[in-house]
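Just so you know, these numbers come straight off a predicted model, no measurement behind them.
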Amino acid sequence: MNPTPAALKIGFGGMSIEASNFSPHRSGFEAFNFTRDDALMGRYSFLQPEHENYDAALDAAFTAIPLVHARSLPGGMVEPEVYETLKRDLIAMIHEHGPFDGFFFDIHGAMTVLGRQDAEADLARAVRSALDEESQKAGAPRCLVSATMDLHGNVTADLVEQCDLITCYRMAPHEDEQETKQRALRNLVDRLQSGAGAPHKAFVRIPVLLPGEKTSTRLEPAKGIYAAIPDIEALDGVTDASIWVGYAWADEPRCYATVVVTGDDAELIGQQATELAKRYWQARADFKFVAPAASLEECLAAALAEDAPRPYVISDSGDNPTAGGSGDVTWTLRELLADERLTGQDSLRVVVASVFDAPAVAACFEAGLGAEISLEAGARVDHVHSGPAELSGVVHSLTDGDATSGRVAVVRVGGVHAIITERRKPYHTRSDFAAAGLQATDFDLVVVKIGYLEPELFDLAEGWMLALTPGGVDQDLLRLGHRKIERPMFPFDQDMEDPDLGAQLFAARPHGA
């Protein structure tokens with residue numbers, strides 16, 4: 001960070017998690033990493049001089065006041081005491097360090113807290129109130145709030161009202177995470193430096209709820225829809241344009257797609273927001289899974305064909321921990337272990353990543369490398385879809401893993417290499433497998449709990465299918481049992497009439513108002 005004090009004083013804080021309503025997992029204190037001070041600012045590589053994307057001009061424009069941020073891997077609903085602790089700490093620090101010129105509100109948008117609706121809007125309202133109180137006490141201009149979000153967030157008019165600026169990722173997978181946060185901060189600094197104040201905001205709710213695996217920006221129609229945003233943003237009178245797909249595995253009235261356009265020309269941003277929303281609505285039936293999607297049985301038939309390319313990757317999508325799955329659903333592992341084509345003498349080499357079960361890992365370490373072992377693993381948290389997997393095989397590898405996984409054991413049953421971790425762990429990169437003592441490219445078939453493949457797995461896969469497996473983030477939304485979403489909603493109501501996609505406008509606030 002630039003050590004020279006700058007005129008603008010900007011606070012940083014927030015809370016970030018995707019939280020599935022359909023997983024029995026609960027996200028407690030152990031799930032969250034609370035950061036403050038330099039650790040918090042380390043979230044933003046564009047403000048770190050040692051990074052190649054360092055933005056020196058932006059860094060020099062303000063003095064950062066890092067407050068507190070809590071982040072978790074996606075998981076089940078958040079325990080209320082975790083949320084209330086973060087909220088209490090953040091508000092106390094705003095009062096301690098305020099007033100501020102600007103506030104950088106770093107959230108995800110898909111946080112579901114047990115017993116509460118629209119948690120991000122509740123947090124934003126509390127932040128807004130505390131910031132306004134400090135500004136009023138000091139006789140200072142009203143603090144501007146800029147929110148940065150994931151495009152899989154759920155956005156309500158209430159949340160938009162509390163924030164002066166709001167934007168989200170434009171790529172799924174989220175290769176533009178840092179670019180988005182940089183844009184959110186730059187927009188905030190620009191509005192403060194110019195004295196323009198808060199812009200107008202145009203909000204449109206789109207009654208469509210689709211899983212991220214159907215809305216990847218690698219493919220049409222999402223690719224083309226999101227590609228239209230820079231041209232809108234370049235229009236005179238427009239500050240930012242954003243589209244949220246929404247988070248399909250929450251069950252709240254706020255679950256739907258959203259468009260928000262901000263800027264100084266109220267009529268223009270309203271028109272552009274409606275046009276973007278219409279384009280999304282008209283394409284609703286054209287969204288397809290990012291890979292060929294089928295039952296696990298059909299995926300295995302393709303993967304085990306003699307001419308199948310290697311390595312072949314199958315996404316065990318129903319228990320994807322980076323979408324909110326518990327990470328210990330055993331349904332797919334049990335199916336693989338029951339398949340003699342995979343456990344027989346002449347089977348292909350298969351790796352399954354992963355289930356977490358600390359006692360099972362401990363048993364493997366006690367038995368030792370190369371030992372024959374029989375144990376149960378998984379389904380300690382999510383036993384809704386199947387019970388523990390019974391593994392009778394050989395301890396293939398034992399490692400210390402990494403900071404996320406804890407210790408890791410791999411048990412081989414025939415050709416199946418089952419990765420067992422002490423803690424919830426997504427497997428997205430070659431280094432994830434290396435930390436388990438494996439090389440992903442050594443296997444004919446790689447089964448990983450994920451939806452669309454992250455870049456390294458995408459590049460590694462010579463063949464790929466998405467298995468429609470059960471779990472807390474089941475891709476088949478119609479069998480999950482949503483009860484609280486606002487109906488009609490596509491795809492739950494296939495024959496619904498065209499909705500009103502007129503924009504709700506929030507008036508600008510001049511600087512100092």
Self-check item: S20 (side chain) donor-acceptor with F22 (main chain) under 3.5 angstrom
Solution: yes
Practice problem: Could you check L391 against I373 for side chain to side chain contact (heavy atoms under 4.5 Å, CB included), going step by step and ending with a plain yes or no? | Solution: CA-CA 8 Å; L391 296 162; I373 195 168; over 6 Å; no
Quiz prompt | Under the ring-ring contact (aromatic ring centres under 6.0 Å, His included) test, residues paired with F104 that sit two or more places apart | solution = F12, Y44
Quiz item: Atom OH in Y452, atom CZ in F458: separation rounded to 0.5 Å?
Solution: 12.5 Å
Quiz item: Going by atom types only, do S315 and S317 share a side-chain donor-acceptor pair under 3.5 Å?
Solution: no
Quiz prompt | E306, CD: over 12 other non-hydrogen atoms inside 6.0 angstrom | solution = no
Quiz prompt | Check: F29 main-chain N/O paired with E79 side-chain donor or acceptor under 3.5 Å | solution = no
Quiz item: Parallel, tilted or perpendicular: which fits the ring planes of H174 and Y169, with parallel below 30° and perpendicular above 60°?
Solution: tilted
Practice problem: Would you mind reporting whether V82 and T85 have side-chain heavy atoms less than 4.5 Å apart? | Solution: no
Practice problem: Give the C-alpha distance, both sets of side-chain angles, the deciding distance and a yes or no for side chain to side chain contact (heavy atoms under 4.5 Å, CB included) between W331 and D382. | Solution: CA-CA 10 Å; W331 188 88; D382 191 337; over 6 Å; no
Practice problem: Quick one: pull up CH2 in W464 and OH in Y312 and give me the separation to the nearest 0.5 Å. | Solution: 11.0 Å
Quiz prompt | Value rounded to 0.5 Å, distance of CD in E213 from NZ in K288 | solution = 16.0 Å
Quiz item: How many angstroms lie between CZ in F287 and OG in S216, if you round to the nearest 0.5 Å?
Solution: 11.0 Å
Quiz prompt | Any donor-acceptor N/O pair, S326 side chain to G76 backbone, under 3.5 Å | solution = no
Quiz item: Would N33 and T35 count as having a side-chain donor-acceptor pair, cut-off 3.5 Å?
Solution: no
Practice problem: Go through the steps for D316 and T332 under the test side chain to side chain contact (heavy atoms under 4.5 Å, CB included), then give the verdict. | Solution: CA-CA 7 Å; D316 179 8; T332 296; 3.0 Å; yes
Quiz item: T112 side chain to M77 main-chain N or O, any donor-acceptor pair under 3.5 Å?
Solution: no
Quiz item: Does any non-hydrogen side-chain atom of W281 lie less than 4.5 Å from one of P207?
Solution: yes
Exercise. Apply ring-ring contact (aromatic ring centres under 6.0 Å, His included) to H428 and list each qualifying residue two or more places apart in sequence or on a separate chain.
Key: none
Quiz item: From N154 CG over to D118 CG, what is the distance, rounded to the nearest 0.5 angstrom?
Solution: 8.5 Å
Quiz item: Tell me, do W249 and L477 make a side-chain contact under 4.5 Å, heavy atoms counted?
Solution: yes
Quiz item: Cut-off 3.5 Å, side chains only: do H108 and D150 have a donor facing an acceptor?
Solution: yes
Quiz item: Are a donor atom and an acceptor atom from the side chains of T167 and S242 found within less than 3.5 Å of each other?
Solution: yes
Quiz item: If we only count heavy atoms from C-beta on, is the S45 to E52 side-chain gap below 4.5 Å?
Solution: no
Quiz item: Step by step, would you call K278 with V204 a side chain to side chain contact (heavy atoms under 4.5 Å, CB included)?
Solution: CA-CA 10 Å; K278 285 181 177 178; V204 184; over 6 Å; no
